[in-house]
Structure formats: C-alpha cells, structure tokens
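All figures in this text were calculated on a predicted structure; none of them were measured in a lab. Side chains are part of it too, since the values below use all heavy atoms of this structure and drop only hydrogens, waters and symmetry mates. Here is how names work: the chains are called A, B, and so on, in the same order as the sequence lines, proteins then strands, and each is numbered from 1.
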Number of protein chains: 2
Amino acid sequence: MLKRLSKYIKKLNTKKKTTIKDIANVLNISIAAVSKALHDDSRISKKTKKAVKQVAKNLNYQPNHLASALRKGKSKLVGVIVPRTNSNFFSSVIENIEEVLNKEGYNIIITQSNESFKKECDNINTLLFTQVDGIIASMANETIDLEYFEKIKAKGIPLILFDRGENDLNVDYIGINDYDSSHKIVEHLVNQGCKRIAHIGGFKRTRIYNNRIRGYMDALKKHNLPLDNELLIESNLTIADGKEKMLELLKLKKRPDAVYVASDYAALGALQALKDKNIKVPQDIALVGFGDEPFTALVTPSISSINQHSAEIGKQAAQVFLSYTKVKSVKQTLNKIILEAKLVIRESSNTNII
Amino acid sequence: MLKRLSKYIKKLNTKKKTTIKDIANVLNISIAAVSKALHDDSRISKKTKKAVKQVAKNLNYQPNHLASALRKGKSKLVGVIVPRTNSNFFSSVIENIEEVLNKEGYNIIITQSNESFKKECDNINTLLFTQVDGIIASMANETIDLEYFEKIKAKGIPLILFDRGENDLNVDYIGINDYDSSHKIVEHLVNQGCKRIAHIGGFKRTRIYNNRIRGYMDALKKHNLPLDNELLIESNLTIADGKEKMLELLKLKKRPDAVYVASDYAALGALQALKDKNIKVPQDIALVGFGDEPFTALVTPSISSINQHSAEIGKQAAQVFLSYTKVKSVKQTLNKIILEAKLVIRESSNTNII
DNA sequence: TTTTTTTAGTTAAACGTTTAACCTATATTT
DNA sequence: AAATATAGGTTAAACGTTTAACTAAAAAAA
C-alpha cells in the first residue's frame with residue numbers, strides 16, 4: 001500500500017484532482033467500497049473505513065459535488081432572490097437562511113433583482129438552469145406578472161416567498177403582519193396627540209404595501225380620524241422619493257402633524273426635507289418609518305420604526321424549505337407564517353421625552 | 001413526429017424533466033445530434049437544428065447544468081467571499097461582478113464571512129466543494145493565517161482579491177490607492193486650516209488600513225505637522241468603535257481640530273459622539289470618513305469621504321477572472337490594479353461654505 | 001464512371017459519483 | 001453436517017451531457 005500511495009502522492013503536484021478511483025487503486029478495492037466507506041455505510045468494515053479516510057486525507061481528496069449531485073438528482077443548492085442585498089433587512093435574512101441551510105449541507109446562491117422585473121426573470125432562469133433544489137425569494141417592486149414564479153412551482157421545485165409576496169400566488173410565505181403594524185403606528189401617533197396623520201406608502205399592487213395602506217385607513221377610521229386623500233401618497237419609497245413626497249405634503253394648505261412612511265429609507269429622505277424646511281420633529285410633525293434599519297437609531301432625531309424580525313424570517317424560510325426535503329409525502333399544506341412586528345419608539349415620534 | 005411528440009407531451013405533466021434523450025426519441029435521431037444542434041454545431045443541418053429547437057421548446061426542455069459541468073470539468077460558478085453584503089460598497093462590487101460574469105455565462109455564489117476567520121475558512125471549503133471555477137474575495141478583518149487562501153491557489157483555481165488583500169499573498173488584486181487617499185484627506189484638512197489631525201484607523205496588520213496609516217503619517221510629515229501618538233488610534237471601525245474612540249480623543253488635554261476616520265461607519269459613530277458633546281462640526285472639529293457610503297450625504301452635517309469606485313472594482317475583478325478562463329497559457333503575470341480614489345468634500349470638513 | 005470531398009449525421013466513451021443487485025467466505029443455527 | 005445468516009465486499013448501471021472518432025450518402029471533381 002505504501003508503494004502505491006507514494007506513486008499517487010505525486011499526483012498531488014499535478015493539476016488533476018483526486019477521485020475515489022484513485023483511492024480505490026491505492027487500496028486495491030472497488031470504487032463502490034470507497035464511496036460507501038466515505039459515507040460510513042454499515043457494510044464496510046471499520047478497518048477499511050479507516051484506511052480509506054486516511055488515504056483520502058493523504059491524497060487531499062475533495063468530493064466532486066457535481067458528480068454526486070448529478071447522480072442523486074439533488075444539487076444541494078438553494079437559490080435566493082432579493083431586490084438588493086444592501087439593506088440590513090435583506091442582508092440579515094440571507095445570513096440566517098444561510099446559517100440554517102449550511103447545517104444541513106445546503107449552499108445558497110444569492111441573486112439580486114435590483115427591483116427589476118426583467119432581472120428577476122433572468123435570475124429565475126439562471127437558478128433553474130443551475131438545478132437548485134429550491135428557491136427562496138422576495139419579489140421585486142415592479143413584478144405583477146407571476147408567470148415566472150408559476151414556472152418554478154410547475155417544475156416541482158419548492159418556492160418560498162418572504163416579505164414581498166403575493167396573495168394570488170399559492171406558495172409558502174413568511175412575513176410580518178403589515179396590517180397590524182400600521183394599526184400600531186397609528187395608535188401610537190394618536191396617543192402622541194396627532195390628529196392629521198399622513199402616509200407615504202408603497203404601491204397598492206404589492207401585497208405588503210397594500211396591507212400597510214389598508215391598516216392605515218382602517219386604523220384612522222377606528223380612531224375616528226377622517227381619511228383625507230391628499231394625505232395618502234403612493235411611491236417607490238427610495239430616499240429621494242421620501243424627500244420629494246414629504247415636500248409635497250408640506251405644500252398642502254392643511255399640513256399633516258404626523259407622517260407614517262412605509263420604509264426607513266424614504267423616512268430618511270422625508271426627515272431631510274423636514275430639516276431643510278426647519279420643521280421641528282416631532283413637535284411640529286412626528287415621523288415614523290418602517291423596517292428598523294440600524295441608521296434609524298443613529299440619525300438626529302432618531303426615527304421610530306417597525307422591527308420586522310429579519311433573523312426570524314430567514315430562519316423560518318429555511319425551515320420551510322427543509323420541510324420539503326424531509327417529508328416524503330408530496331401533498332403538504334402550505335405554510336403562511338405571519339410574525340407579529342414590534343414598534344420601536346424613538347425621538348422622531350416621542351413628544352413626551354423632549 | 002407529431003405522434004411521437006404528443007406521446008412525450010404527456011411527460012410535461014409528470015415530474016421527470018425533459019432531457020436531450022427525449023428530444024432524440026421524438027425526432028428519431030441520436031442524442032449527440034441533439035446536443036450538437038442545440039449548440040449550433042456546423043455539422044448539423046439547418047432543418048434538423050430547427051426541428052430540435054422546436055421540440056425542445058414544446059417539451060419545455062431545460063439543459064442540465066450539472067451534467068454538462070461534470071462532463072466539461074467547469075461548473076461555470078464563481079465564488080464570492082465578502083465580510084458582509086450590507087454595506088453599499090460590497091453590495092455594489094458584487095452587483096458589478098455579477099453583471100460582467102453573467103454575460104459570459106457564469107453565475108456567482110455569494111458568501112459572507114461576517115469578519116470571522118473561521119467562517120471564512122468554512123466558506124472557502126464550501127466553495128471548493130461546490131467546484132467553483134474561481135474565487136473573488138475580500139478578506140475578513142481577523143484573517144492573518146493565509147493557509148486557506150494558499151489552498152485555493154494550490155488547487156489551480158484562480159483567486160482574485162479586492163479591497164482587503166494581503167501584500168504577502170501572491171495573487172491578483174484590485175483596490176484603491178489607500179496611501180494616496182490619506183494624503184488627499186490630510187492635504188484637504190490642512191487647507192481648511194487644521195493643525196492637529198487625528199486618525200481613527202483600522203488595525204495595521206490589514207493591508208489597506210496599514211496603507212492608510214502610513215499615508216496619514218507621511219502626509220503629516222510632508223506638511224510639517226508633528227506626529228502625536230495619542231492622535232493615532234487603531235480599532236475595529238464599527239459604529240460603536242467610532243463613538244468610543246472619538247470620546248477618547250475628546251478627553252485629551254490637547255484636543256484635535258480634525259479627525260480622519262478610516263471607515264464611514266466609524267465616522268458616523270464619531271459624529272454622534274461629537275453631537276452628544278455639542279461640539280460644532282466642522283468649526284470645532286472637522287471630520288472625514290472613508291468609503292462614500294450613501295448615508296454620508298444624508299446625515300447632518302453630511303460627512304466628507306473617499307469614493308472607492310466600487311463599480312469599477314467589481315468589473316475589473318470579474319475581468320481578471322475571465323482573463324484566466326480565456327488565455328490558454330498557464331503562465332500569466334499577476335494583475336495588481338490600483339485605482340485612484342476621489343475625495344468627496346461635504347459639510348463635515350468644509351469651513352468655507354458655512 | 002470513379003475518386004474525392006462535403007454534409008450530416010452516428011457510436012461510444014467519458015466526467016465522478018451512487019446504489020441496486022449480486023457474490024463469497026465465514027459464522028451461526030438447527 | 002447441512003442450512004441459514006451475516007459481514008464485507010464487488011459489479012455494473014445510471015445520472016445527462018459532451019466530444020473524439022467514425023461512417024454513409026450525396027455532391028463535386030477528375
């Protein structure tokens with residue numbers, strides 16, 4: 001064996017990678033035995049297993065994932081599609097998906113749609129082409145046509161949506177209770193004495209923004225505040241949008257005394273507009289954002305916001321995917337997991353402390 | 001053919017995926033012909049090509065990437081390792097790497113080290129296991145032991161580092177000129193009339209932070225400013241670190257009149273500390289950050305910073321990788337690409353405008 | 001007409017695993 | 001002692017492509 005080994009040791013210096021065939025040759029056993037030994041199959045003796053593992057180490061053997069994936073029909077790869085990774089929310093969701101899936105031997109391929117429908121379709125094609133075993137996604141703002149997502153389902157590949165989902169699409173979903181979150185915000189602002197509460201929201205067609213808008217309207221009704229159409233604005237919720245829409249609100253004859261913005265980024269823009277116009281926050285106008293991005297705690301005044309439990313969403317999404325891989329029965333009830341969000345009150349809406 | 005096709009059309013409803021074998025059966029030709037037709041091989045007639053593509057479409061054929069990757073020995077996957085995706089810098093670099101590589105048929109697998117050496121090693125193992133064709137990485141702060149990176153090189157897999165690299169490691173590198181950037185900052189501060197310039201930097205062992213520190217010291221010398229050791233602080237450069245180290249600087253008997261922080265995040269923390277202590281920025285103390293993260297333009301006062309050309313870095317890194325796949329000759333000179341950074345002057349260091 | 005060239009394929013092996021089915025020698029049971 | 005079980009493997013096919021090497025028929029050249 002030693003002679004055979006030393007012959008193979010030379011191989012280390014060449015480019016060619018070590019395969020189980022090499023190990024089999026060194027030990028003069030079949031490749032099947034090697035494969036089984038590496039997987040601790042019960043039909044291989046301890047002695048052989050030990051020898052195989054030793055040789056594998058010596059030859060610096062690295063299993064060929066492609067080969068086993070092809071044979072087993074499983075790539076052990078999960079695709080993740082997010083609008084962008086550069087928000088703390090998505091970055092944290094991804095981190096937690098990765099953590100849970102890595103433990104089970106899965107790797108993730110992260111792709112960004114940049115909020116573009118076309119890019120999202122490309123991403124889906126790419127992931128299907130790469131033979132991922134499942135897809136976890138949060139939809140782009142633009143997306144209305146669900147054909148591509150249907151395609152995933154049609155192929156029998158588990159699809160789990162989080163945060164940005166769609167009511168029409170019959171898939172697993174993990175998100176927070178947007179409707180209730182709006183209620184919490186409005187209630188808080190009412191408690192602060194606000195009477196004219198505006199909402200800079202996202203577009204109604206997107207499930208989460210629709211829910212936030214409905215929650216906002218129903219909450220106003222509940223607290224006997226009149227619903228004024230000029231106080232409800234739809235937008236893309238970028239920083240620039242927040243600034244622009246806030247300036248529009250400030251032009252109204254009857255200004256709002258509070259603004260609830262459906263995204264922290266837009267809230268940051270709105271805050272800049274308020275500062276530019278020398279309007280005191282929260283005394284003149286109170287401000288609440290959404291998402292609890294770290295910077296909300298760092299700007300002056302700090303911005304009240306809704307914590308979306310990003311870590312929890314990531315973990316649950318991964319778990320739902322794993323449940324598909326474990327259960328043999330194809331028929332499985334869909335998971336619709338709605339987490340309760342938490343309102344974090346900061347300076348921008350707290351008139352008591354100041 | 002129609003009869004055969006309709007027989008196969010049923011297959012669409014089953015789980016089994018369509019393969020080139022199915023297409024071959026429908027048209028009664030060999031699978032080799034199908035493979036060639038799909039790749040527009042010159043030895044296949046136009047008629048056959050057309051027929052093959054039509055049937056492929058009808059059967060909803062999707063090439064099995066694993067099979068072709070195994071056969072060709074190329075996974076068409078590139079691994080990307082970054083400390084975290086949630087800064088604009090890394091997110092932008094990644095976006096641009098992806099854009100360039102996608103055009104050439106490559107996909108990327110993004111992994112995060114979370115600045116942990118152990119996680120980084122795990123990431124490398126994972127990527128090697130997944131048979132990536134190359135790795136583009138920015139090292140974790142913690143990393144000193146380069147063994148794992150050597151391993152990549154040893155396997156003959158192209159390794160390209162960006163931003164956080166290492167002088168000792170003989171690999172391709174793309175980054176900005178940190179040394180010069182420090183010079184630009186110091187020069188600017190001197191022009192603003194500052195005479196006691198402090199530096200909250202990263203750890204010297206990391207190449208980029210070392211260069212920034214050296215640049216800072218040499219620039220002081222050049223402008224005949226004394227180098228005071230208590231004005232040079234090493235840290236991890238988190239937001240909290242920035243705040244803490246700034247408070248330390250404020251405790252000095254002889255306070256600085258300007259602080260150059262080696263990261264925007266730490267600069268943000270520093271700014272909070274200054275605000276808490278009611279110190280006017282830039283009048284009492286001027287502040288400059290590093291990285292040109294979007295929030296630097298949005299806080300009050302806005303923070304001057306260094307733009308690192310993230311898009312350019314991403315594109316170049318991808319190009320360097322591609323150069324390995326195209327050139328046959330193994331011997332290739334290493335690329336060390338150093339981009340010139342740009343100082344963006346904002347309120348935090350601009351005494352003229354105020 | 002015969003030979004050569006071109007066209008349009010076909011055959012079969014290979015990529016590195018996994019796994020169902022089979023086999024043989026030894027140990028155990030009856 | 002014969003029958004059965006168990007341990008420890010081996011053989012060969014399969015996963016879905018790609019590709020080098022071969023071939024048959026038709027077209028062009030001689």
Rounded distance in Å - [atom1] ([X]) to [atom2] ([N]):
{"X": "B:Ile29", "N": "D:dT23", "atom1": "CD1", "atom2": "C1'", "value": "17 Å"}
{"X": "A:Lys47", "N": "D:dA7", "atom1": "NZ", "atom2": "P", "value": "17 Å"}
{"X": "A:Leu27", "N": "D:dT10", "atom1": "CG", "atom2": "P", "value": "10 Å"}
{"X": "A:Lys76", "N": "C:dT17", "atom1": "NZ", "atom2": "P", "value": "17 Å"}
{"X": "B:Ile44", "N": "D:dT23", "atom1": "CD1", "atom2": "C1'", "value": "14 Å"}
{"X": "A:Lys21", "N": "C:dG16", "atom1": "NZ", "atom2": "P", "value": "8 Å"}
{"X": "B:His65", "N": "D:dT17", "atom1": "NE2", "atom2": "C1'", "value": "12 Å"}
{"X": "B:Asp41", "N": "C:dT10", "atom1": "CG", "atom2": "P", "value": "12 Å"}

Short side-chain donor-acceptor distance under 3.5 Å, A:Lys151 and A:Asn125: yes
Go through the side-chain N and O atoms of B:Thr18 and B:Gln62 and say whether any donor and acceptor fall under 3.5 Å apart. no
Distance-only check: which donor-acceptor pairs under 3.5 Å involve side-chain atoms of residues 98-114 of chain A, not counting sequence neighbours?
from     : atom 1 : to       : atom 2 : distance (Å)
A:Thr111 : OG1    : A:Val80  : O      : 3.2
A:Ser113 : OG     : A:Glu115 : N      : 3.3
A:Asn114 : ND2    : B:Glu95  : OE2    : 3.4

Under 4.0 angstrom between B:Thr19 side-chain N/O and D:dG16 OP1 or OP2: no
List the protein contact pattern of nucleotides 19-25 of chain C with one symbol per nucleotide (5' to 3'): B for base contact, S for sugar-phosphate-only contact, - for none; contact means a heavy-atom distance under 4.0 Å. BBBB---
Remember a base hit wins even if backbone is also touched, and classify [X] as base, sugar-phosphate or nothing at under 4.0 Å, heavy atoms.
{"X": "A:Thr48", "answer": "sugar-phosphate"}
{"X": "A:Ser45", "answer": "sugar-phosphate"}
{"X": "A:Ser68", "answer": "sugar-phosphate"}

Under 4.5 Å between any side-chain heavy atoms of A:Gln131 and B:Lys17, yes or no? yes
Between D:dG16, C:dT17, D:dT11, which one does the side chain of A:Tyr61 approach most closely? C:dT17
Ring pair (Phe, Tyr, Trp, His ring centres under 6.0 Å) partners of B:Phe149, counting only residues at least two apart: none
Could you tell me whether the side chain of A:Ser35 and the main chain of A:Ile31 form a donor-acceptor pair under 3.5 Å? no
Pair A:Lys46 + A:Asp40: basic N to acidic O under 4.0 Å: no
5'-most by nearest nucleotide on DNA chain C - B:Ala67 or B:Ser42: B:Ser42
